[in-house]
There are 2 protein chains.
Amino acid sequence: MGATLASIPIPSTVQTLADQVFEALQSAIITGDLKPGEKLREPELARRFGTSRGPLRDALRRLEGRHLVTNTPNTGARVVSLSHGQLLDLYHVREALEGMTCRLAAEHMTDSEVDELASLLDRHESEIQRKEGAEYFQQEGDLDFHFRIANGCKNDLLRSALCEDHYQLMRLYRYKFSSRLGRPRRALEEHRMILGAIRDRDGELAELLMRRHIRNARKMFEKNLEGDLAKQDATKQDSVNK
Amino acid sequence: MGATLASIPIPSTVQTLADQVFEALQSAIITGDLKPGEKLREPELARRFGTSRGPLRDALRRLEGRHLVTNTPNTGARVVSLSHGQLLDLYHVREALEGMTCRLAAEHMTDSEVDELASLLDRHESEIQRKEGAEYFQQEGDLDFHFRIANGCKNDLLRSALCEDHYQLMRLYRYKFSSRLGRPRRALEEHRMILGAIRDRDGELAELLMRRHIRNARKMFEKNLEGDLAKQDATKQDSVNK
DNA sequence: TATCGCCAGATTGTTAACAATTCTATTGAA
DNA sequence: TTCAATAGAATTGTTAACAATCTGGCGATA
């Protein structure tokens, strides 16, 4: 698996219609084309993807399994919409899973994978130079770092839990979720320390550093949260005053 | 809005056909009625559950999301069959998730939940007295301990990842997976230490002890594995000699 | 004898119609 | 004006038939 971007899946030539709809739907959700909380009407989506309701329902069930869609009987499906508390929950899961993943990656990554990880960080360094503007790509780059570690741990259950499940959720909320958010240099520094531990094949340290890295991101998220709430209160005040 | 009565959730009776098939299938897999690796033919199963293929396929997709069923396009579904390596992978995931879960449980469990956990361990104590024989129930009891901690962590993402996903897999392989396997007293002792840390509201220690507990179970599993392999070699030798 | 290709049966993928449930807008009464 | 009841529309759940694909056995050929 030598894809340049770990997030791009290699489509197998034998693909069922439900597979295609699944990927198209997931893509639409993650890019924000379908927004969190939005109702997913089967007839409408089936027309949109040029298929019937059968494969579409199949795709919806799979997305439900990946927590990107919620379904209530007889009422229908919606794009998942996470509360602030649930986003915090997700941080705790990440801390646990990625910590272990990083430990195993330190033990099992090939030397060439480590080298690629190093050059990825060099690229991030230069990207940070030309500051803001490309914030979107910085966020995807941040995720790419975590992706590669997941792919290096050689535990397929962990890899799929992160890459196919939790990372997709994080991309959906990436504007709130990037570990670099508001601290790109600091995050890059933490990434470099993690890389160092992996290079030293020090699994214990690698786990500790990754967990601290994600904890720091969570604390930053909590701070932003307080800011957002204050702002929301302010605008509410405004609308009342009008 | 509808009648006030309609607002009362009636979870078990308001069930779609696909829900029922899902539960029946999951139950059949976990009890071993459908064995690991067994082919799941849609027409046959649909007849068996008295429904059509639609809801059945729906149920299969959900079970696929929970890693209890694997599906290959145009070929069909099978009950999942984990290799020894994948079982080891599962131990690592458990160590990560249950460690964090136990930390959060120590912080967030209610006092009454802690008390119930304590009385559960007392019951296990007496069950161990009347030795073997009831090994099945001992294994389910072991799982019950972990279940309750998952329910006490108050992080729904963690709870569902464990209770609805990984624990079901473990039940499928319970004969290989019980943390008490071959060491019931020792496991109970570890459970008591974990309970102590939770009672002290010492999250850090609770996580550390739970991780050690699962690591110990993994090591025991690995030992059994070597034994099994030796035995397999022996029988292989026998069959050759015949 | 081994290998390849082909055919029949079975199984999965897909579609469209039907049934059951929920949502919406209108009406009528307090 | 507000609320509740209701009828119709829209949506989801389910079924059965049709299409595409795979499996396994048979015979032809080298």
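Convention: sequence-line order gives letters A, B, ...; per-chain numbering from 1.
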Report the distance from atom [atom1] of [X] to atom [atom2] of [N], rounded to the nearest whole Å.
| X | N | atom1 | atom2 | answer |
| --- | --- | --- | --- | --- |
| B:E44 | C:dT12 | CD | P | 10 Å |
| A:N74 | D:dT14 | CG | P | 8 Å |
| B:N71 | C:dG13 | CG | P | 6 Å |
| B:R47 | C:dT11 | CZ | C1' | 12 Å |
| A:R78 | D:dT11 | CZ | P | 13 Å |
| B:L17 | D:dA16 | CG | P | 12 Å |

Strictly below 4.0 Å, N to O, side chains only: are B:R148 and B:E113 in salt-bridge contact? no
Please state whether the phosphate of D:dT11, meaning OP1 or OP2, lies under 4.0 angstrom from any side-chain nitrogen or oxygen of A:T75. no
C:dT15 OP1/OP2 closer than 4.0 Å to side-chain N/O of A:T51: yes
Does the structure place the NZ or CZ of B:R218 under 6.0 Å from the centre of the six-membered ring of B:Y91, at an angle of no more than 45° from the ring's axis? no
Where along residues 36-43 of chain A does a heavy atom fall under 4.0 Å from DNA chain D? A:K39, A:L40, A:R41, A:E42, A:P43
With a 4.5 Å limit on heavy-atom distance, are the side chains of A:L60 and A:F22 in contact? no
Sequence neighbours excluded, which residues qualify as side-chain contact (heavy atoms from CB on, under 4.5 Å) partners of [X]?
| X | result |
| --- | --- |
| B:D33 | B:A28, B:T31, B:R48 |
| B:S81 | B:P36, B:Y173 |
| A:A150 | A:T101, A:L162, A:C163, A:Y167 |
| B:K35 | B:E38 |

Positions of residues 52-69 of chain B (non-hydrogen atom under 4.0 Å from DNA chain C), listed by number: B:R53, B:R57
Check: B:D89 side chain, B:Q86 main-chain N or O, donor-acceptor pair, under 3.5 Å: no
